[in-house]
Amino acid sequence: MDYQKLADMLFPKIKHDCQYYFDKYPKRELPEGAEVLRIAPSPTGFIHLGNLYGALADERIAHQSGGVFYLRIEDTDTKRKVPGAVEAIISCFDYFQIYFDEGAHHQPDEGNYGPYYQKQRKEIYQTFAKRLVAEGKAYPCFCSGKQLNEIRKQQKDLNEATGYYGKWASCRNLSLEEIKTLLDKKEKFVIRMKSTGSIENQSIFYDEIKGDITVRENNQDVVIIKTDGIPTYHFAHAIDDTLMQTTIVLRGEEWLGTLPVHLELFKMLGFKLPRYAHTTVLMKIDETGTKRKLSKRKDPELALDYYRQLGYHPYAVKLYLMTLLNWNFEQWHLKNPDAHLEEFKFSLDKMGQSGALFDLDKLHNISKTYLAKFSLEEMKDFLKAYVSSQKKEKYEMYFADEEYLEQILTLGMGLNLKKRRKDYIYASQILESIDLFYHHNREDEFICDNKTAKTLLTQFIETYDYTDDNSAWFDKVKIVSAENGYAAEMKEYRANPENYRGSVADVSEVIRIAVTGRKNTPDLWTIMQILGEKEAIQRINNTIKELD
RNA sequence: GGUCCGUUGGAGAAGCGGUUUAACUCACAUGCCUUUCACGCAUGCAUACACGGGUUCGAAUCCCGUACGGGCUACCA
């Protein structure tokens with residue numbers, strides 16, 4: 001068979017040879033030990049925590065080694081492509097402050113190894129596919145989906161492995177004349193690699209994360225170019241990561257299964273193999289109690305955008321992911337609480353081997369601790385950024401009177417305390433917790449009956465003086481308590497609870513609910529100071545009226 | 001079905017043949033502090049090495065089975 005002739009028949013428009021591209025994309029000038037990594041999402045309109053997890057690992061390895069981190073868009077699946085998805089991906093990574101050195105994050109692409117959209121690299125792939133055909137290592141296949149299904153069915157009946165391989169690969173044997181006839185009839189075809197492997201052969205492959213793993217040779221004549229002329233993931237991976245000179249292919253472990261295909265492709269193409277690092281997948285517990293991979297369809301709450309909408313601080317999310325990524329990160333962070341995560345020495349061999357469960361509690365703990373380090377200015381900026389992007393209609397309400405907001409935040413953050421409070425987790429939760437300064441709604445119920453509550457409140461408001469300091473204010477609460485059979489001193493109450501209806505704590509609670517609507521708040525006296533004399537008194541009087 | 005990866009308290013996870021009566025973080029609980037909450041401090045809980053064999057003086061650590069979980073098995077990535 002004249003393979004060169006076949007190649008020319010199949011790819012008449014391809015002018016360049018492969019060398020053209022090697023010349024076009026020269027060797028990167030990088031310092032010793034610098035790694036080149038990429039993240040290569042497909043624009044299906046959904047990115048979740050797992051994507052950020054991988055991206056963070058990529059980014060750290062690349063940047064801490066003085067290398068390159070780039071973004072490539074794998075838009076080879078025309079059917080699943082979602083409009084606007086690329087923009088969503090880019091803006092999400094931007095929000096989480098994952099920065100690329102080159103790639104598709106800019107318009108136009110930035111970097112010398114582009115284009116970074118696979119769709120635009122069609123000709124490159126075809127050039128290499130053509131060479132494989134010319135070398136007799138790949139061939140056109142005209143089988144329809146229907147035919148392939150039939151083959152699969154037969155294989156199942158015979159209890160043989162399914163797929164297009166060996167004796168089942170009928171298009172391997174097409175003669176040049178037969179192919180020409182089919183081409184003249186404008187029959188659709190794909191290009192398949194002609195596998196020479198055997199699944200009998202096993203070998204050990206070193207994965208940067210998993211260590212030694214056994215792999216079997218591939219024996220499938222995998223499709224490398226689809227009928228639309230666009231490559232499959234496998235082929236694009238081999239070509240792109242070679243031409244773009246990726247040194248470590250870091251990807252999810254769902255790719256482990258097709259690693260044999262990639263190994264054979266690299267060999268066939270005569271390419272040097274990159275190092276591979278297969279990360280574990282993030283899991284979640286199902287309603288049924290079973291662990292499962294995060295799924296884009298079933299777990300919309302794990303979409304990255306969800307965290308942005310709720311206003312999780314991007315850095316806090318990254319801190320959490322780092323604890324999952326490298327087991328020694330957490331202890332390092334504990335020892336160096338003020339160091340930036342980029343100062344941590346990230347390494348692939350400290351990554352987990354099994355799928356980690358996503359733990360919202362832990363994320364919250366980390367967020368709280370992180371936000372508890374913020375200055376007033378930083379907190380204001382954080383909220384401002386959130387409100388102006390997610391809650392525009394509330395901007396006026398919060399930021400018309402910044403001094404008021406500052407007082408609220410100072411209290412909520414515990415800036416006046418010896419130890420800071422840790423109430424704040426994420427922006428929307430913060431707004432909710434300070435809502436009591438903007439609206440008066442009763443959310444919690446009184447522990448005593450309405451009549452008692454009314455009495456306590458009435459007596460309290462009669463003596464209330466806005467200019468009292470905290471201790472004078474509290475003394476008045478104590479007086480009201482004592483007059484109504486509540487212990488004024490906690491120690492006394494604890495010693496002899498049976499002598500009292502309750503304690504000053506209970507009386508405080510009634511006042512607290514009247515003023516804030518809630519049982520639990522930061523210091524009540526301060527809240528009343530912030531609210532202002534008029535508002536504070538009015539809230540209590542309104543509550544008294546409601547109790548009638 | 002085939003194949004690959006995994007399995008340490010509720011969650012993450014260290015330990016990879018002998019100072020292991022198995023670290024650390026989160027969660028949870030209790031106490032102290034305290035007018036509530038939050039913070040902080042202290043203590044505790046969970047009574048964790050999937051199971052069964054083997055190798056060894058000795059195994060969470062090595063080997064072999066089994067079970068369970070997950071991935072892949074597309075002209076999807």
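When reading the values below, keep in mind they use all heavy atoms of this one structure, side chains included, and skip hydrogens, waters and symmetry mates. In what follows, chains are A, B, ... by sequence order, proteins preceding strands, each numbered from 1.
- Contacts of A:V190 with the nucleic acid, taken as non-hydrogen atoms under 4.0 Å apart, include base atoms.
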Test ring pair (Phe, Tyr, Trp, His ring centres under 6.0 Å) applied to A:H313 and A:Y426, step by step: CA-CA 6 Å; A:H313 194 284; A:Y426 50 91; over 10 Å; no
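- Here A:S481 lies out of heavy-atom contact (under 4.0 Å) with every strand.
- Under the 3.5 Å distance criterion, with hydrogens and angles disregarded, no donor-acceptor pair is assigned to the side chains of A:E74 and A:Y117.
- Residue side chain A:T232 does not reach the base of B:rC75 through any donor-acceptor N/O pair under 3.5 Å, judged by distance alone.
- With both ends at atom P, the span from B:rA74 to B:rU3 equals 16 Å, rounded to whole Å.
- Counting any heavy atom pair closer than 4.0 Å across all strands shown, A:D523 reaches a base atom.
- Note on A:T214: a side-chain N or O is less than 4.0 Å away from OP1 or OP2 of B:rC5.
- In this structure, A:R494 reaches the bases: a heavy-atom distance under 4.0 Å links it to at least one base atom across the strands shown.
- Comparing the same atom, C1', in B:rC64 and in B:rC24 gives a spacing of 34 Å after rounding to whole Å.
- Stacking between A:Y233 and the base of B:rC76 is absent under the criterion of ring centres within 5.5 Å and planes under 30 degrees.
- The OG1 atom of A:T214 lies 12.0 Å from the CZ atom of A:F205; values are rounded to the nearest 0.5 Å.
- With a 6.0 Å cutoff to the six-membered ring centre and a 45° limit on the axis angle, A:R192 counts as a cation-pi contact of A:Y164.
- Among the atoms of the strands shown, only primed sugar atoms or phosphate atoms (P, OP1, OP2) are found under 4.0 Å from some heavy atom of A:I213.
- No donor-acceptor contact under 3.5 Å links the side chain of A:R152 to the base of B:rU73.
- Across all strands, A:K519 comes closer than 4.0 Å to base atoms (heavy-atom distances).
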